[in-house]
Amino acid sequence: MGGDMQMLPGSSHRPALKRPVWIIFLVSLVCLFLACSYIYPPHGDAACYVFSSKGCKAVTDRPLPSPARELTDEEFASKVVFRDILHIPRIQPKYSKIAFMFLTPSSLPFEKLWDRFFCGHEGKFSVYVHASKEQPVHVSRYFLNQEIHSDKVGWGKISMVDAERRLLAHALKDPDNQQFVLLSESCIPLHSFDYVYDYLMHANMSFVDCFFDPGPHGNGRYSKHMLPVVEKKDFRKGAQWFSIRRQHALIVMADSLYYSRFRDYCKRGFDGKNCIADEHYLPTFFHIIDPGGIANWSVTHVDWSDRQWHPKSYRARDVTYELLKNITSIELSVHVTSDEKREEQVQACLWNGVRRPCYLFARKFYPETLHKLMKLLNF
């Protein structure tokens, strides 16, 4: 009886009770370690035999990242210049102005509407007119004697880009010009001057239309002759009607490298393709040089819903209060690819991270719409 009493509380049985607990704990740790290794496999060669059933062959078979391409001297010099320009501190002059740059064949049919838009805001804007065919006849004092040295412009040719750069060069001469808006003769303002001024002056980006189109009217126009400066994966498309801040205007003027590739290899009939320089040069340039600095949509509305070569044009009968209200309330930018999928690429129009209506201007209005527009647009 005494022996039995000694065995019941004996200390020799305590390890036997604890051993299974420690075994379970250790097994759990091993299982946890193996699970983590499976989810986050180590990439070092030393561990490949432990964690791969194929041994180190699994590591060696993994394609190695291709080394970065060595830049040419011209590319390196360009990137240094662009970097320094983009990092110039944004110092707003006391009287910051918007440069309104009109690219037109001759007279501007909506000068009366623009005159009313500008009236009372002297000192906050500049006007520049590039007339490629005939000397314009002006009806507004704001446009009088504002023509720059112009040259002929051909649709789909590099001369269109040349005209844009010519306008920028003249507008950059005025240090107070901080925003640069490209407009056509068929463009109209959709909002008051104050609204447009605040929208552009306080935006933290430029508004350049830019999207990836894998179809025949997008990347199908790319030429391998642009290599190595422009790779096919970086080739972009977009409408030419931009609004850009001063630093971006400066790098466009500083560029000869990318411009020369589009001048020489993006033209109608080259390589059996119809590359249109003004639809691809700036979108591709900004996508490569400063993709985070552009909004990827234009603040100028145009209706491509008919899916034709040219956008929809508005006649007098089309101009209604509802039409203008619909355009000014659009908060989504939509691009449609030109391949068989006809994929819609939709993005919200974010102004400084806040969703806002996309458009400040609209285009492709016939001159006959002027009277109705003057009645409906109350600036």
Is it true that the side chains of [X] and [Y] contain a donor and an acceptor less than 3.5 Å apart?
X    : Y    : result
S298 : D209 : no
Y199 : D194 : no
E75  : S78  : no
N352 : H202 : no
D234 : Y222 : no
Y259 : D162 : yes
E279 : Q240 : no
E147 : H138 : yes

Inspect the surroundings of [atom1] in [X] and state if more than 12 heavy atoms from other residues, nucleotides or ligands are less than 6.0 Å away.
X    : atom1 : result
K157 : NZ    : no
K79  : NZ    : yes
D73  : CG    : no
K372 : NZ    : yes

Side-chain donor/acceptor of [X] to backbone N/O of [Y], under 3.5 Å:
X    : Y    : value
R116 : L377 : yes
E74  : L71  : no
W114 : C187 : yes
T337 : D213 : no

Are the ring centres of [X] and [Y] closer than 6.0 Å?
X    : Y    : value
F285 : F82  : yes
H225 : F270 : yes
H301 : F361 : no
Y128 : H170 : no
H280 : F235 : yes
F125 : F118 : yes

Row check, Y95 ring normal vs K124 NZ/CZ: under 6.0 Å, within 45°:
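Here K124 fails the 6.0 Å and 45° test against Y95.
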Over-ring placement of R236 relative to F211, 6.0 Å and 45° cut-offs
no
Over all atoms of both residues, closest heavy-atom pair of V127 and Y142
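For V127 and Y142, the tightest heavy-atom pair comes out as CB-O, 3.6 Å.
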How close do L370 and P109 get, counting heavy atoms only, and between which atoms?
CD2-O, 3.7 Å
Might you work through the salt bridge (Lys or Arg N to Asp or Glu O under 4.0 Å) test for E331 and R356, ending with a clear yes or no?
CA-CA 6 Å; E331 294 183 345; R356 288 186 66 175; over 6 Å; no
Just one of Q179, M201, M205 clears the side chain to side chain contact (heavy atoms under 4.5 Å, CB included) bar with R245, so which one?
Q179
In plain terms, say whether E185 and R363 are close enough for a salt bridge, that is, a side-chain N and a carboxylate O under 4.0 Å apart.
no
Less than 4.0 angstrom from a charged side-chain N to a carboxylate O is my criterion; do K97 and E122 meet it?
no
Common cluster, L144/F117, ILVMFWY with side-chain heavy-atom separation under 4.5 Å:
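No, no single cluster joins them.
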Quick check on the hydrophobic clustering: are L172 and L103 connected, directly or via other members, by side-chain heavy-atom contacts under 4.5 Å?
yes
